Amino acid sequence: MYALLDCNNFFVSCERTLDPDLDGKPVVVLSNNDGCVVSRSNEAKALGVPMGAPAFKYRELFAANDVKVFSAKFELYNFRSQQVMEMAKSFLPDDAYEVYSIDELFLDFHGFKYFDLEEYCNKIRKKIDTELKLPTSIGVAPTKTLCKIANHIVKKNTEQYPDGVYIMDSREKIEEALNDLDIGDVWGIGRKLGAKMVDHGVYKASHLLLKPEMWIRKVMGIQGVRMINELRGIPQLELDKASPKRSIMVSRSFMQMISTKEELAERIETFAIYCAEKLRKQNSCCKVISVFIQTNRFRKELGEYKNGFSIILPNPSSSSIVLAKYANSIFEAIYKHGFQYKRAGVMVSDFVPDNERQISLFEKDIDDKHIPIMKAIDKLNSKYGKDKIRLGGMSGKNTYGRATLSPEYEEFLKNNILPEANYRFQ
DNA sequence: TCTGGGGTCCTAGGACCC
DNA sequence: TCTGGGGTCCTAGGACCC
């Protein structure tokens with residue numbers, strides 16, 4: 001059996017660890033630039049605030065219902081996430097887990113045959129709840145896809161499962177769950193596939209199992225075949241071990257649109273430098289760097305332009321200086337005057353370990369010279385705080401709108417050295 | 001006025017090879 | 001008038017996830 005441990009309303013729950021007065025009140029957390037709702041308390045959900053709701057459309061509802069609104073504090077969420085993961089992992093043998101996202105952890109209960117899993121999961125949950133003040137749900141089932149569903153069931157039926165644990169351990173329980181579950185709520189069915197399924201009369205998860213495998217294969221590809229096996233209780237997906245990332249992206253939407261070339265160039269350079277720092281943190285060098293820029297897709301009347309381009313580096317690099325230079329040269333090539341830009345980003349990919357760099361015979365390799373400088377900068381920044389040391393030209397302006405930091409959070413930042421995240425970021 | 005920021009995997013189709 | 005049949009590798013784009 002596998003389990004999925006999932007933190008309930010994670011970002012909101014993190015806010016409540018700083019201020020218990022928020023308990024029982026409607027609370028939402030907003031994305032960067034205070035743009036979208038990315039986490040909602042149960043009370044906020046009950047008021048009809050959807051996930052991803054643009055904040056400006058809900059200001060009145062927030063005010064009318066005294067909803068507490070917070071800007072995202074990713075340092076805090078990462079810190080809490082690591083606390084949860086550490087605590088949960090301590091209940092399992094080495095490597096019998098997969099950190100799936102900032103608030104989700106898969107557990108592998110292989111070898112727990114003689115354990116009462118319900119009782120054991122309760123123990124895990126209670127410890128996290130009492131010591132960290134973070135509520136979680138645990139779904140247990142024979143496959144990862146069914147764990148997702150078991151977890152979903154816990155969250156939907158809190159009165160029925162007040163302990164936050166559901167064990168899906170029989171044919172009948174699985175059948176019942178699949179009969180109840182809308183096809184769009186199956187892990188791996190998104191908006192497009194969901195619509196297509198409905199067109200073909202597949203409304204519930206169980207309907208999918210009635211379709212011939214050839215049809216599944218044609219409509220959904222190989223993933224679909226895996227999915228139906230997982231739904232039948234035949235494991236197709238193993239736990240992924242923590243592995244270095246295969247690509248790294250830094251991108252932002254700008255609170256105010258950017259119309260000068262210099263300002264946008266500066267942002268791109270900053271993004272490239274952040275990419276380089278993340279690369280060095282996982283001891284990788286990249287072979288490819290890409291840059292994209294785009295106007296506001298919600299303001300088409302201002303004119304639309306969107307472009308991006310990748311180049312292969314002469315030598316794999318993790319140098320801030322090198323990556324900033326190439327990012328800028330791409331930017332020069334794709335920039336078009338006369339538009340107001342809303343969003344831009346830099347992505348690096350095609351990694352090699354930094355001790356296995358294959359140096360081009362024909363290009364001079366300057367990366368080696370940069371490495372000592374870079375490492376020194378990284379060290380100073382980790383000691384004294386992000387961006388205390390910067391390359392000349394890197395923007396020092398804070399371009400985020402982050403209006404609603406609380407005094408408790410200022411206090412929290414003062415008292416904690418925040419570790420880096422090493423999992424997928426929400 | 002105001003609409004996030006990351007990631008992964010798969011597929012189709014083109015380039016190229018013999 | 002006639003115009004192979006495979007393979008492999010790479011890339012862009014689309015789908016999904018949180």
Side-chain angles (χ1 to χ4, degrees), chain A residues 4 6-7 9-11 28-39 49-60 62 69 71-72 74 77-78 81 98-106 144-145 148 151 184-197 217-227 236-237 240 242-257 271 274-275 278 282 287-288 290 292 294-300 302 306 308-312 340 342-351 399-403 421-426:
Chain A
L4 176 65
D6 185 317
C7 300
N9 314 331
F10 183 55
F11 296 170
V28 299
V29 172
L30 306 182
S31 63
N32 258 346
N33 294 332
D34 292 343
C36 294
V37 174
V38 291
S39 182
V49 182
M51 184 63 176
F56 73 90
K57 286 190 182 168
Y58 286 83
R59 292 285 178 205
E60 281 177 27
F62 293 158
V69 181
S71 302
F74 288 106
Y77 311 149
N78 283 326
S81 173
E98 172 190 346
V99 176
Y100 180 68
S101 77
I102 193 163
D103 69 340
E104 286 171 276
L105 179 75
F106 280 108
K144 288 168 85 175
T145 306
K148 278 277 188 185
N151 203 287
D185 290 335
V186 175
W187 193 35
I189 304 272
R191 262 195 18 247
K192 288 267 161 114
L193 272 177
K196 202 186 275 184
M197 288 299 148
R217 173 73 229 217
K218 211 179 107 206
V219 175
M220 307 175 63
I222 189 71
Q223 308 253 58
V225 178
R226 283 183 201 142
M227 180 186 296
Q236 308 281 297
L237 306 171
D240 282 341
S243 57
K245 292 192 178 66
R246 302 159 65 102
S247 69
I248 288 170
M249 172 147 74
V250 177
S251 74
R252 292 289 181 277
S253 292
F254 311 123
M255 191 147 213
Q256 255 129 24
M257 286 183 273
F271 297 162
Y274 284 160
C275 280
K278 294 186 183 190
Q282 64 163 37
K287 290 197 266 187
V288 172
S290 326
F292 71 87
Q294 53 189 253
T295 53
N296 191 341
R297 65 197 165 102
F298 297 104
R299 303 286 305 278
K300 297 198 194 306
L302 297 177
K306 182 173 158 180
F309 197 75
S310 308
I311 53 173
I312 301 174
Q340 301 192 51
K342 176 66 180 172
R343 202 170 118 79
V346 173
M347 185 166 125
V348 291
S349 53
D350 264 51
F351 298 160
T399 49
Y400 306 136
R402 211 194 200 195
N422 60 354
Y423 34 69
R424 257 179 257 167
F425 207 65
Q426 176 150 355

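By convention in this document, chain letters (A, B, ...) are assigned in the order of the sequence lines, proteins followed by strands, and residues within each chain are numbered from 1. As the structure is a prediction and not an experimental result, all values here were calculated from the model.
- For A:Ser251, the side-chain atoms get nearest to B:dG6 when compared with the rest of B:dC2, B:dG6, C:dC18.
- If you find the closest nucleotide of DNA chain B to A:Gln223 and to A:Met249, the one lying nearer the 5' end belongs to A:Met249.
- Taking the six-membered ring where tryptophan is involved, the planes of A:Trp187 and A:Tyr100 are perpendicular, since the angle between them exceeds 60° and thus also 30°.
- In this structure, A:Ile312 places its CD1 atom 9 Å from P of C:dA12, rounding to the nearest Å.
- Put simply, A:Arg299 has a side-chain N or O that comes within less than 4.0 Å of OP1 or OP2 on B:dC2.
- In this entry the distance linking CD1 of A:Ile222 with C1' of C:dA15 reads 15 Å, nearest Å.
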List the steps and the verdict of side-chain hydrogen bond (donor to acceptor under 3.5 Å, both in side chains) for A:Ser349 and A:Ser247. CA-CA 4 Å; A:Ser349 53; A:Ser247 69; over 6 Å; no
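- Across all strands, A:Arg191 comes closer than 4.0 Å only to sugar-phosphate atoms, never to a base (heavy-atom distances).
- As a whole-Å value, the separation of A:Met347 CE from B:dG7 C1' is 9 Å.
- For C:dC17, the OP1/OP2 oxygens have no side-chain nitrogen or oxygen of A:Ser101 closer than 4.0 Å.
- The side chain of A:Ile248 approaches B:dG7 more closely than any other nucleotide in the set C:dC18, B:dC9, B:dG7.
- Contact annotation: A:Asn32 reaches the phosphate of B:dG5 (side-chain N/O to OP1 or OP2, under 4.0 Å).
- Rounded to whole angstrom, the span from the CG atom of A:Asn78 across to the C1' atom of B:dG6 amounts to 12 Å.
- Between A:Phe254 and A:Phe271, the ring planes lie parallel to each other; the angle is under 30°, not in the 30° to 60° tilted range.
- Distances from the side chain of A:Lys57 to the nucleotides B:dT3, B:dC9, B:dT1 place B:dT3 closest.
- Residue-level contact check: A:Lys196 touches neither bases nor backbone, having no heavy atom under 4.0 Å from any strand.
- For A:Arg217, a side-chain nitrogen or oxygen approaches OP1 or OP2 of B:dT11 to under 4.0 Å.
- Phosphate proximity of B:dT3 to A:Arg343: absent, as no side-chain N or O sits under 4.0 Å from OP1 or OP2.
- Few gaps surround CD1 on A:Ile222; more than 12 heavy atoms of other groups in view lie less than 6.0 Å from it.
- When each of B:dG7, B:dT3, B:dT11 is scored by its nearest atom to the side-chain atoms of A:Pro54, the top-ranked nucleotide is B:dT3.
- Each of A:Ala55 and A:Lys278 was assigned the nucleotide of DNA chain B with the nearest heavy atom; the assignment lying further toward the 5' end belongs to A:Ala55.
- When the P atom of B:dC2 is taken as reference, atom CD of A:Glu60 falls 17 Å away, rounded to whole Å.
- Of the candidate nucleotides B:dT3, C:dC16, B:dT8, B:dT8 has the atom nearest to the side chain of A:Ser247.
- Computed from coordinates, the A:Ile102 CD1 to B:dG7 P distance equals 12 Å when rounded to whole Å.
- A:Ser81 places a side-chain N or O within donor-acceptor distance of the main-chain N or O of A:Ile102, the cut-off being under 3.5 Å.
- Stacking of A:Tyr100 onto the six-membered ring of C:dC18 is not present when judged by under 5.5 angstrom between centres and under 30° between planes.
- The CG-C1' distance, from A:Asp103 to B:dG6, rounds to 14 Å in whole Å.
- The two residues A:Gln340 and A:Thr295 have their closest heavy-atom pair at O-CG2, 3.3 Å.
- A:Val186 comes within 4.0 angstrom of sugar-phosphate atoms only, judged by non-hydrogen atoms across all strands, and of no base.
- Comparing B:dC9, C:dC18, B:dC2 by their nearest atom to the side chain of A:Glu104 picks out C:dC18.
- A:Lys245 and A:Gln282 make their closest contact through N-OE1, 2.9 Å (heavy atoms, listed as atom of the first residue, atom of the second, distance).
- Using a 4.0 Å cut-off, some side-chain N or O of A:Arg226 falls inside it from OP1 or OP2 of B:dC10.
- In this model, the phosphate group of C:dC18 is approached by a side-chain N or O of A:Lys148 to a distance below 4.0 Å at OP1 or OP2.
- For A:Asn33 and B:dT1, the CG to C1' distance is 13 Å, given to the nearest whole Å.
- Within the 4.0 Å cut-off from OP1 or OP2 of B:dG4, at least one side-chain nitrogen or oxygen of A:Ser253 is found.
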